[in-house]
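Both counts, for ligands and for their atoms, begin at 1 and track the order of listing. No hydrogens, no waters, no symmetry mates; every other heavy atom, side chains included, goes into these values.
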Amino acid sequence: MSVRIVSTRPFDDQKPGTSGLRKKVKVFQKANYLENFVQSTFDAIGDFSGQTLVLGGDGRFYNREAIQTILKMAAANGFGRVLVGQGGILSTPAASHVIRKNKAYGGLILSASHNPAGPDEDFGIKYNIGNGGPAPEGVTEAIFARTTEISEYKVLEASNIPLDSVGSFKLGDMQVEVIDSVHDYAELMKSLFDFAAIRKLLAGGFRIKFDAMHAVTGPYATRILVGLLGAPVDSVMNCVPKEDFGGGHPDPNLTYAHELVDVMYADDAPEFGAASDGDGDRNMILGNHFFVTPSDSLAILAANAKAAPGYRGGIAGIARSMPTSAAADRVAAAMGLSCYETPTGWKFFGNLMDDGRVTLCGEESFGTGSNHVREKDGLWAVLFWLNILAVRQTSVAAIVHEHWKEFGRNYYSRHDYEGVDSAAAEQVLQNVRDQFATLPGQMLAGREVASCDDFAYTDPVDSSVSRNQGVRVLFKDGSRIIFRLSGTGTSGATIRIYLESYEADASKHDLDAQDALAAMITAAGEISRLRKLTGRDAPTVIT
Ligand code: VG1
Ligand code: CO
């Protein structure tokens with residue numbers, strides 16, 4: 001087997017976004033496109049000779065092909081060992097755990113998360129560092145810089161490795177170990193949650209429904225919920241990963257997880273429902289005829305953390321992304337914990353967890369997690385909820401209502417306008433920026449504007465600064481309107497508008513969020529002149 005050095009030219013569109021490089025499969029299939037990005041990553045991450053790399057993906061179309069290419073490149077570039085999930089499958093949180101457990105140098109995760117899959121849809125790749133978390137901005141910038149000047153890549157001339165059963169192989173001097181995709185992750189979950197209590201809850205007739213949306217969490221949910229916790233087989237649905245995710249959009253929200261929503265809002269609905277996304281790091285939590293917003297879910301997990309054995313000793317602190325509602329801040333204040341507000345994307349939580357400042361983290365985009373790994377973790381959130389339900393012996397809706405009663409309710413919603421012309425989207429944000437000087441002091445939606453800014457974050461651990469992380473209109477009463485452009489899409493621009501207002505009065509906690517936020521929604525449209533610029537009169541998705 002010999003190493004081949006292939007000459008190549010840079011592509012000008014390999015800048016990683018919020019979570020790695022995401023493009024249409026057709027783009028990744030262009031000659032040298034994947035290879036350039038992988039070699040640029042290897043060139044940018046330092047000296048890994050003889051070290052371990054973790055490799056796996058969400059099973060989408062092109063996963064297997066990409067894995068074979070990356071294995072041969074890893075061998076040619078001097079890795080000592082690659083741990084690859086069986087069938088090429090590793091959920092994002094499981095990959096994070098395997099990196100940490102094996103003290104790997106880093107990992108490559110092949111996923112475009114909740115974006116649709118198939119030959120005409122999306123593919124993605126991201127590099128995670130040795131702590132198991134997404135590469136911080138300094139690293140992704142170095143990778144990007146390398147993509148602009150790359151002139152050759154290295155690949156071993158060898159045949160493909162069989163991925164479908166566990167085993168050890170040699171690729172040149174490099175060891176390839178095909179590992180069980182679920183085992184280590186399941187052991188980790190057992191160490192955090194009271195499996196006996198959850199098993200008892202389920203045996204007592206508490207019915208659950210978990211929707212893997214034809215994506216990566218299927219094998220994990222089946223092994224853990226059915227195999228280890230004894231849930232009836234029909235408690236899980238769409239649990240066989242498909243290369244095209246069944247033609248669906250594996251984004252666990254009320255719009256895309258409609259199959260589960262129909263079950264949970266039917267007359268004979270189970271007590272608990274949940275779904276996860278393409279790569280298994282997101283979660284949606286539902287009760288019988290009840291939806292838990294991700295921001296509330298984070299706050300509720302924090303307030304009830306001691307129910308779970310893994311968190312019985314208490315939590316160090318909480319972090320949330322800036323657009324996530326301030327519900328968790330109220331819990332942190334009540335518990336005397338520090339609370340951090342970071343830019344969107346899990347990579348910003350890594351330093352805070354490594355430094356021991358926070359235990360729980362969350363994002364409004366259906367992501368919650370803790371320092372057990374360095375990614376958000378869908379199934380972890382499901383098990384955490386089940387553990388709390390087993391201890392509290394009440395319904396999801398009752399837990400949420402009691403939480404609001406104690407802490408007040410942060411009404412919250414996100415409106416997404418997808419596939420908007422990029423220039424128009426930029427202008428929507430600019431229109432708001434242009435009013436930064438005049439808005440403060442004005443009344444908007446019946447509230448006084450306190451201040452406006454472009455959110456900037458200084459990492460308290462390494463002092464790195466990230467600017468332009470969202471346009472904020474902040475009100476005196478704590479309400480907020482935030483505008484941001486998505487960094488994960490693959491065509492056109494997506495405008496996200498995040499709306500939040502706080503209600504302390506328990507007699508007003510039963511409004512629909514869209515009604516409670518109606519005046520704020522109108523105000524957001526007016527100050528941004530969104531309708532005129534984009535020609536849209538309604539959001540594509542409301543969460
Ligand atoms: C979105 C979410 C963000 C999340 C990111 C990756 O990013 O808003 O909270 O961290 O996706 O999640 P953006 O830039 O499109 O708003 V995942 O599950 O797609 O890896
Ligand atoms: Co995801």
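In summary, of the residues considered (His415, Arg414, Arg484), a side chain to side chain donor-acceptor pair (under 3.5 Å) with Tyr498 occurs for Arg484 alone.
Where the criterion is an N or O separation shorter than 3.5 Å, residue side chain and backbone included, Tyr498 fails it with respect to ligand 1. Not one N or O of Leu485 is nearer than 3.5 Å to an N or O of ligand 1, by distance alone. Among the atoms of Thr344, none of the N or O lies under 3.5 angstrom from an N or O of ligand 1.
The shortest heavy-atom distance from Arg414 to ligand 1 is under 4.0 Å.
Atom numbering of ligand 1 starts at 1 in the shown order; those under 4.0 Å from a heavy atom of Ser113 are 17 (V), 18 (O), 19 (O), 20 (O).
Taking CZ from Arg433 and CD1 from Ile527, the interatomic distance works out to 12.5 Å, rounded to the nearest 0.5 Å. Taken to the nearest 0.5 Å, the OH atom of Tyr417 stands 9.5 Å off from the CZ atom of Phe483.
Looking only at side-chain heavy atoms (C-beta outward), Ile497 and Leu530 come within less than 4.5 Å of each other. Counting only heavy atoms from C-beta outward, the side chains of Asn128 and Pro134 approach each other to under 4.5 Å.
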Steps toward side-chain contact (heavy atoms from CB on, under 4.5 Å) verdict (Val358, Tyr340): CA-CA 8 Å; Val358 304; Tyr340 296 85; 3.4 Å; yes

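Protein heavy atom closest to atom 20 (O) of ligand 1, with residue, atom name and distance, is Arg22 NH2, 3.0 Å.
Aromatic rings from His97 and Tyr185 are positioned such that their centres are separated by 6.0 Å or more.
Scored by the salt bridge (Lys or Arg N to Asp or Glu O under 4.0 Å) test, Arg536 finds no partners at all (sequence neighbours excluded).
Protein N, O or S atom count below 2.8 Å of the Co ion (ligand 2): the structure gives 4.
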